Protein chains: 2
Amino acid sequence: MTATLTNQPAAATGQHQWVYLFHEGNAGMRNLLGGKGAGLAEMSNAGLPVPPGFTITTEACNSYYDNHKQFPPAMWEQAMAALKTVEQETGKKLGNAANPLLVSVRSGSRVSMPGMMDTVLNLGLNAETLHGLIKQTSNERFGYDAYRRFIQMFAKIVLGIEASKFEQILEAKKHAMNAKADTDLNSADLQDVVTQYKALVKQETGKDFPEDPLQQLRLAIEAVFESWHNKRAVDYRKFNSIPDTYGTAVSVVSMVFGNMGDDSGTGVAFTRDPNTGEKALYAEYLTNAQGEDVVAGIRTPKKIAELQRQMPEVYQQFADIAQKLELHYRDAQDLEFTVERGKLYMLQTRSAKRTGVAAVKIAVDMANEGLITQEEALQRVEPTQVYQLLLPRLDPKEVAKAHQNGQFLTKGLNASPGAASGLAVFDADSAAERGANGEKVILVRPETNPDDVHGMIGAQGVLTARGGATSHAAVVARGMGKPCVAGAEDIKVDPEQRRFTVNGVTVKDGEQITIDGTTGEVFKGKIAVIDAQFDEQSELGQLLRWADQTRKLGVWANADYPRDAERAVKFGAEGIGLCRTEHMFFEEERLPIVRQMIMSAAPATALDNKLTRSQVELDKADENKQATAQQRRDDVQAEMTASAEHKLYYDALNKLQEFQRGDFYGILKAMHGKPVVIRLLDPPLHEFLPSYDELLVEQTELRVRGKHGKRLEEVDRLLKVVEGLKEQNPMLGLRGCRLDILYPAIYEMQVRAMMQAAAQLKREGVDVRPEIMIPLVGTAKELQIVREQLIPIVEQTLKDEATKVSYKFGTMIEIPRAALVAGEIAEYAEFFSFGTNDLTQMTFGYSRDDAEGKFLLQYVERGVLPVNPFQTLDRAGVGQLVKMAVEAGRAARPGLKVGICGEHGGDPDSIEFCNAVGLDYVSCSPFRVPIARLAAAQAVLAAVERDK
Amino acid sequence: MTATLTNQPAAATGQHQWVYLFHEGNAGMRNLLGGKGAGLAEMSNAGLPVPPGFTITTEACNSYYDNHKQFPPAMWEQAMAALKTVEQETGKKLGNAANPLLVSVRSGSRVSMPGMMDTVLNLGLNAETLHGLIKQTSNERFGYDAYRRFIQMFAKIVLGIEASKFEQILEAKKHAMNAKADTDLNSADLQDVVTQYKALVKQETGKDFPEDPLQQLRLAIEAVFESWHNKRAVDYRKFNSIPDTYGTAVSVVSMVFGNMGDDSGTGVAFTRDPNTGEKALYAEYLTNAQGEDVVAGIRTPKKIAELQRQMPEVYQQFADIAQKLELHYRDAQDLEFTVERGKLYMLQTRSAKRTGVAAVKIAVDMANEGLITQEEALQRVEPTQVYQLLLPRLDPKEVAKAHQNGQFLTKGLNASPGAASGLAVFDADSAAERGANGEKVILVRPETNPDDVHGMIGAQGVLTARGGATSHAAVVARGMGKPCVAGAEDIKVDPEQRRFTVNGVTVKDGEQITIDGTTGEVFKGKIAVIDAQFDEQSELGQLLRWADQTRKLGVWANADYPRDAERAVKFGAEGIGLCRTEHMFFEEERLPIVRQMIMSAAPATALDNKLTRSQVELDKADENKQATAQQRRDDVQAEMTASAEHKLYYDALNKLQEFQRGDFYGILKAMHGKPVVIRLLDPPLHEFLPSYDELLVEQTELRVRGKHGKRLEEVDRLLKVVEGLKEQNPMLGLRGCRLDILYPAIYEMQVRAMMQAAAQLKREGVDVRPEIMIPLVGTAKELQIVREQLIPIVEQTLKDEATKVSYKFGTMIEIPRAALVAGEIAEYAEFFSFGTNDLTQMTFGYSRDDAEGKFLLQYVERGVLPVNPFQTLDRAGVGQLVKMAVEAGRAARPGLKVGICGEHGGDPDSIEFCNAVGLDYVSCSPFRVPIARLAAAQAVLAAVERDK
């Protein structure tokens with residue numbers, strides 16, 4: 001009642017309301033009051049014990065910045081009015097020497113930015129109110145301790161004086177008094193500390209410490225506003241795509257004290273275990289301490305059992321409140337509370353941060369408990385958390401052991417998830433070289449820069465002493481999918497001496513270390529890494545089954561071998577969206593045959609063409625030219641029969657056909673009942689031949705040494721072929737269907753092998769669904785030619801095998817032009833599969849091999865690109881092409897099946913796009929199938945939300 | 001009257017009319033009656049002396065093919081009715097022994113396909129009618145001559161017997177009779193020839209020569225229909241994009257005879273000189289000869305003066321008719337006529353084929369004469385004819401001399417225009433090798449195939465014995481813009497012996513020959529080639545001025561040097577649309593400096609960045625961290641000052657800036673008053689360094705030889721840099737604006753030099769209009785960064801120079817993504833210039849360097865692609881992107897200036913597209929500016945036609 005009255009002036013005069021008492025707010029006002037303010041308001045209205053206070057809105061913060069860093073008009077007056085209400089509610093008064101009100105001034109945005117902004121406690125203390133506090137509490141030591149804490153915090157946050165300078169004074173005092181802990185200092189000691197603190201402030205700022213509590217309050221509010229734009233906060237927002245315009249609210253809360261004796265204390269709690277998701281109050285408590293001691297980790301807190309033992313009633317009250325809040329918010333809560341002389345106060349409630357494991361378990365449990373719906377459960381888990389679950393991680397038992405026997409070195413920023421052990425190396429060249437030699441190394445640097453990228457490529461993981469979540473090391477490592485711990489500031493890296501030291505331990509070049517990019521922890525020695533287990537019966541399995549019921553997109557996998565296909569099925573894949581046949585060509589026993597095939601392809605095909613031409617001429621010849629034409633054709637036939645190269649070519653192809661039949665047999669069998677999209681040979685032929693440079697060096701060596709033997713002849717011959725096939729830009733050269741149009745026998749061999757395998761399996765009772773996919777199509781005519789070439793061979797093979805197999809014929813859409821003329825192409829394709837890797841390369845004009853090392857990661861680091869477009873599909877460019885192609889393709893051929901098989905098929909943001917443009921399925925690496933299942937479900941739910 | 005009556009049954013019974021008497025047709029019925037039929041009808045109705053006859057429609061031909069090669073119902077009956085009318089008009093009767101009607105049966109489609117289809121003359125002769133003919137003409141020799149001609153022609157065309165077999169009989173007879181010319185054979189000789197001919201027919205076909213004139217007629221009509229699908233005709237249509245569905249008409253014309261004695265004769269005439277365009281009757285006449293003798297070139301015709309002398313009245317009648325026809329058709333006509341016993345008959349009129357020179361002169365003259373409008377004049381000249389005018393050509397005087405002194409060897413197909421002299425070589429490897437050594441060679445082959453492409457690249461031109469306008473040699477040579485004479489069938493090429501023979505002359509490997517791809521002529525020896533002259537006062541100049549009044553597109557030129565710019569202006573260029581700065585870097589004196597710049601770019605820029613970072617940290621530092629930050633910054637500054645590489649880099653850039661200032665001064669001065677778009681450095685840096693392979697070989701050699709001296713050190717160092725810059729796909733690598741974002745000092749140097757030059761010229765009174773163009777932009781952010789980097793430097797430079805210069809800032813659109821997000825990019829660009837070379841490369845996924853040699857020309861040859869997309873813009877794919885970008889760009893920035901600077905800017909078909917999508921200008925090589933001016937005007941006129 002009082003509150004309403006007090007604030008009436010603002011509303012009554014038509015003033016904009018910048019300040020809300022806790023009673024005036026609720027959880028729905030998160031955007032205006034920040035997460036903390038809204039939480040306090042909600043708890044307050046729910047009748048929970050919350051210290052009285054008020055919140056200055058995020059609008060006020062924005063107005064402050066819009067208005068040359070001036071408080072908006074009337075804000076201060078509204079705050080003063082609200083303060084009056086708080087004073088009435090608490091019966092205390094700010095600056096009153098007899099009965100002083102102390103307050104905390106806290107930051108809080110609409111989204112949690114943990115630790116990024118500032119908070120001031122115990123505000124309102126000065127030489128006079130200190131004595132009131134001491135009188136109130138009858139505890140002089142407590143009073144001086146509160147005062148010295150306040151000075152230190154205010155000096156750091158508001159006045160910008162380094163905290164370490166205050167710590168030095170405190171440490172010196174402890175040393176002088178032979179005190180082990182802060183609590184060993186007595187009242188007189190602390191009084192001296194306060195005097196020294198004040199002198200330090202005077203020395204650093206040239207002014208006395210501000211004594212006026214209202215001035216303190218004004219400065220603290222300004223400082224919290226200012227902290228919205230400190231570097232840490234700006235970087236964090238940039239990295240997490242949080243707009244600057246959100247602003248921070250400022251909550252002014254009357255102080256309660258957990259350090260008023262053994263009937264006081266403070267704690268933090270999670271309503272469920274944030275590491276495992278276990279349904280149990282997971283809390284820590286410190287007797288006779290302030291909240292900052294817990295949060296800052298200065299004193300090691302005890303389990304909540306301590307509170308239960310000391311004050312069972314208070315414990316029970318807290319446990320009830322915790323349960324009530326979880327039910328109220330329908331999510332696991334992260335709570336802060338204080339007990340002041342046996343009375344419980346709730347200081348914060350917010351949604352609890354949690355590990356991937358916990359996120360999955362909490363979501364599934366809560367849905368099973370009926371607390372949330374299955375759809376909500378699906379939305380509670382980030383697909384990247386599922387990714388964490390499936391990444392190799394450190395064996396928790398070994399980690400526990402490592403902590404026990406002192407292997408733990410430090411904790412830095414968990415900049416890129418995953419874990420790795422390796423030998424510490426201190427420069428990029430060594431990392432690259434030793435990595436190339438098969439050694440597992442961790443690159444350790446003060447910070448990384450673009451010159452280090454080759455070293456990062458060679459290393460298992462990266463550890464840096466400097467830099468945050470958006471530092472070079474962090475961005476690049478995430479880009480590479482390698483674990484990274486960044487900004488481990490305790491570490492001193494000495495690249496010259498090739499070593500680092502941390503907390504007295506020195507690690508030298510070549511010594512084993514382990515980093516956990518998921519937690520940020522760094523260990524000495526090797527810690528066993530365990531592969532993730534995926535069990536359909538687990539909570540994750542349950543969650544993904546719900547996802548399957550929700551999602552519209554099919555989830556397929558890219559797999560080239562039966563073992564990969566089997567893993568994919570285990571992870572829930574509904575088909576193989578990309579089986580690359582080229583990898584099969586590289587196997588050791590086949591490579592010589594492949595090379596024989598390539599070396600003879602051009603001359604053999606020239607003869608084939610010559611024969612075809614002479615046959616055409618013969619068929620067309622007038623009667624009187626028939627004899628000549630017949631003779632000519634016979635001559636070509638004889639030339640062909642005599643040609644060694646022609647024989648070598650077809651011998652090689654016949655051998656390869658046997659191998660390929662086995663390959664296709666395996667993968668089709670593994671995918672019993674599910675479609676398998678087999679892409680015919682794609683890369684340029686020279687990829688299968690020895691490297692040009694190596695041959696050139698060998699040739700030069702043999703020549704200079706005068707060794708004109710057989711090997712030189714062979715090298716000469718090889719070099720000539722490799723040179724003939726060499727291209728300036730092989731990515732844009734003779735490969736994919738272009739190869740087929742020039743050398744048709746290779747694809748013909750492949751489809752023959754495919755259909756022989758399919759027919760055999762069919763006879764064995766296996767349900768086979770092969771789909772023939774043609775790569776690198778850019779014009780409808782190409783696909784028409786290839787189709788008209790291959791389909792008769794497919795049909796003939798099946799006829800020879802006397803078996804019917806249903807199959808599909810389709811194409812990759814990976815060339816920009818193919819997307820632009822997709823309507824024409826659809827005439828010859830029963831399905832499209834977007835090869836967004838190549839499509840991204842050509843749409844951006846980026847050669848991925850070159851770009852990632854040379855400029856792309858720098859582009860992302862410097863914000864030229866928001867993300868690496870090879871990881872997350874570029875909607876504006878590449879996505880536009882995809883959308884156009886889907887629409888034109890479906891218009892030309894209703895029922896056209898459309899999928900994606902680029903790496904984007906496993907990226908949640910890209911999956912949302914695929915859902916939005918109506919693809920039939922995404923195909924990704926087997927490992928990412930669970931992520932894709934969840935992301936596909938979330939895409940549906942997000943679309944429903946948007947359409948509401 | 002009779003005619004109408006005769007034909008009434010068809011119309012009256014509601015029958016479809018398949019046959020039209022000449023009286024029934026007119027010039028407007030070209031599609032139905034073919035060019036020849038419509039011309040005869042038109043002349044007939046104009047009261048000109050045309051032998052009576054009728055035309056069977058193209059519809060009948062199509063029906064014939066649709067109907068399993070059966071005449072459509074009633075067609076034959078209608079033809080018989082028309083024949084009756086012709087018999088009435090001539091007073092003769094087909095097959096009547098006393099007074100026989102003879103007819104010619106002629107092909108003719110709606111578009112001229114010269115020599116592609118067949119014609120039969122003298123049809124109706126047999127043993128009986130022969131005697132009637134002899135009696136009618138009182139000339140036995142004439143009768144037998146007509147008969148033997150008919151048998152030979154009918155046998156060849158209708159019965160498919162080779163003409164050479166008949167020639168052998170005739171030659172043998174002449175030999176036996178000691179006759180020099182055909183005319184030396186007397187009646188008895190010819191009677192014997194006829195007997196032998198008939199025996200040959202019996203022997204070849206197993207049947208007697210058909211005696212029934214109606215059967216002859218039916219067979220001849222079928223044969224003409226059949227000739228629509230002979231290989232020559234099909235190839236010709238395919239090459240000229242003439243649909244198969246046009247069909248051929250068949251005209252049946254009563255015979256008149258030019259070989260009835262000295263009061264008879266036959267001739268062909270052009271109303272204007274088809275070579276020069278001179279307004280004068282250009283005609284040839286043969287006394288006592290049949291038309292085929294002229295057309296086939298069997299006898300050398302005389303000038304028309306002969307007719308004038310012999311029969312002045314007939315000549316005058318003909319001259320009047322010729323003039324009347326030209327006026328009637330409002331175009332130069334190609335006429336065929338026959339004089340039979342002093343009476344003139346017109347046999348054909350059609351638009352005259354003409355050379356480029358003649359086309360221009362005739363069009364301009366006719367417009368000046370008031371015969372046609374200027375717009376029509378513009379439409380009468382093909383842009384490719386202007387191209388011919390501007391190509392180097394053989395000096396006509398030298399050609400005349402060559403003809404006189406027996407250097408002329410043969411004439412083949414004019415497969416690709418232009419002329420070239422060179423040494424004859426007989427295999428592709430030699431051509432490639434000798435071409436690479438700087439020798440000028442002509443590749444001579446029986447025919448070419450894809451294995452010969454490297455030889456074609458090395459050669460100045462190509463000569464083949466086999467193959468037509470769509471043969472490999474023809475397609476590939478046109479693709480390369482090299483002259484080619486194909487299908488020179490008289491030539492016997494012997495690649496083994498490395499020589500060819502033609503008409504008794506042998507040309508050996510290494511002997512000089514000359515080919516003229518514009519005429520198809522081949523000469524022995526070298527003939528001087530002259531460059532084209534362009535004179536604004538010439539007819540071409542006049543035509544192009546008219547074009548300038550009509551066209552909407554600006555025509556600019558691509559030029560890198562002042563001399564090219566000057567030539568472009570002379571050709572009418574209104575601006576420079578692309579000045580490439582990289583060519584300037586390659587000049588001999590600069591290359592070492594460029595290399596110095598490149599070798600030091602990475603370390604120098606790393607230091608620059610380090611300094612910037614430390615300065616930022618210093619600026620941001622809290623008071624208490626200032627000292628440390630200042631120290632750090634000073635350390636970096638010291639490191640930079642001490643760095644040799646940093647000094648080398650900026651020294652090199654300063655030197656280059658001086659050179660560039662001179663470059664820009666020259667080109668801006670040459671383009672006084674006109675815009676000059678200067679593209680900043682585009683290629684990857686390694687293009688300026690020595691080749692990796694050469695360095696690798698040298699390093700290996702030095703190493704193996706144990707020469708560990710200074711040179712090896714240098715090679716090692718160079719190789720390391722080149723290796724660092726080497727890319728898998730340089731086209732898609734670190735170049736263009738990407739380079740600038742990594743190494744900003746280079747572009748900064750370039751704009752500084754540009755503005756210094758502009759300021760200096762401005763002070764000298766020159767009107768300078770520089771436009772800064774950024775290459776390889778793919779995202780708006782890139783252009784924003786580069787703009788925000790360079791504009792302040794431009795402004796600062798102009799401030800330093802104390803001069804105002806108006807300039808523009810814009811970008812290439814050459815990456816597919818740039819076209820897709822052009823709306824965003826337009827925010828930072830005042831102009832777009834479509835770089836359709838790169839845009840085509842990336843949209844198709846073709847590396848031009850690789851594709852043209854490896855598969856692209858084969859794609860065109862085999863019809864996978866209709867044309868080479870690097871020559872003619874691909875509307876469906878690349879064009880779609882261009883259109884999208886223009887629309888989005890203009891929507892975002894009204895008034896955005898949009899041009900094209902790829903090679904397509906000089907291609908007429910592409911120019912039509914550019915006009916249609918509303919570009920502001922096209923920019924092409926200076927040489928093609930006149931073509932572009934004409935094509936741009938034609939595009940406007942074509943659009944007007946379409947909109948009518």
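Predicted, not measured: the structure shown is a model, and the values here were computed from it. Numbers restart at 1 for each chain; the letters A, B, ... are given by sequence-line order, proteins then strands.
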Is there side-chain contact between [X] and [Y], with at least one heavy-atom pair below 4.5 Å?
| X | Y | answer |
| --- | --- | --- |
| A:Met842 | B:Phe844 | no |
| B:Ile741 | A:Tyr859 | yes |
| A:Lys854 | B:Arg738 | no |
| A:Val878 | B:Arg817 | no |

Worksheet entry | Electrostatic pair A:Asp693-B:Lys726, nearest N-O below 4.0 angstrom |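 Yes, A:Asp693 and B:Lys726 are salt-bridged.
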
Where does [X] contact chain B at under 4.5 Å (heavy atoms): side chain, backbone, both or neither?
| X | value |
| --- | --- |
| A:Glu727 | both |
| A:Ile785 | side chain |
| A:Leu725 | backbone |
| A:Asn609 | neither |

Practice prompt. Name the region of B:Gln880, side chain, backbone, both or neither, that has any atom closer than 4.5 Å to a heavy atom of chain A.
Written response: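 Contact with chain A is through the side chain of B:Gln880 alone.
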
Worksheet item: B:Asp838 versus chain A, heavy atoms under 4.5 Å apart: side chain, backbone, both or neither?
Response: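 Nothing of B:Asp838, per the 4.5 Å heavy-atom cut-off to chain A.
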
Worksheet item: Looking only at atom types and distance, does a side-chain atom of A:Asp850 sit under 3.5 Å from a main-chain N or O of B:Gly733, one as donor and one as acceptor?
Response: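 Checked: no pair found.
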
Worksheet item: Checking A:Asn729 side chain against B:Met731 main chain: does a donor-acceptor pair fall under 3.5 Å?
Response: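 Answer holds: yes.
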
Best-contacting candidate, [options], against chain A by heavy atom pairs under 4.5 angstrom:
| options | answer |
| --- | --- |
| B:Leu742, B:Leu865, B:Leu856, B:Val821 | B:Leu742 |
| B:Lys610, B:Arg632, B:Gln784 | B:Arg632 |
| B:Arg862, B:Gln841, B:Glu814 | B:Arg862 |
| B:Gly863, B:Ser847, B:Ala780 | B:Ser847 |
| B:Gln699, B:Gln728, B:Glu782, B:Lys781 | B:Gln728 |

Worksheet entry | Residue pair B:Tyr846, A:Leu732: steps toward the side-chain contact (heavy atoms from CB on, under 4.5 Å) verdict | CA-CA 5 Å; B:Tyr846 292 164; A:Leu732 308 180; 5.7 Å; no

Worksheet item: Between A:Thr779, A:Val864, A:Leu776, which shows the greatest number of heavy-atom pairs under 4.5 Å with chain B?
Response: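 Top count of heavy-atom pairs under 4.5 Å with chain B: A:Val864.
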
Worksheet entry | Interface residue of largest heavy-atom contact number with chain B, from A:Gly724, A:Gly778, A:Ala851, A:Pro730, under 4.5 Å |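 With the most close heavy-atom pairs to chain B, the winner is A:Pro730.
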
Practice prompt. Identify, with sequence neighbours excluded, every residue that meets salt bridge (charged side-chain N to carboxylate O under 4.0 Å, His left out) alongside A:Lys883.
Written response: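 Partners of A:Lys883 under the salt bridge (charged side-chain N to carboxylate O under 4.0 Å, His left out) test: A:Glu887.
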
Worksheet entry | Spacing of B:Leu820 atom CG and A:Arg875 atom CZ [to the nearest 0.5 Å] |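 Answer for the CG-CZ pair, B:Leu820 versus A:Arg875, is 16.0 Å.
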
Practice prompt. List the steps and the verdict of side-chain contact (heavy atoms from CB on, under 4.5 Å) for A:Val697 and B:Arg703.
Written response: CA-CA 11 Å; A:Val697 168; B:Arg703 194 168 41 72; 3.9 Å; yes

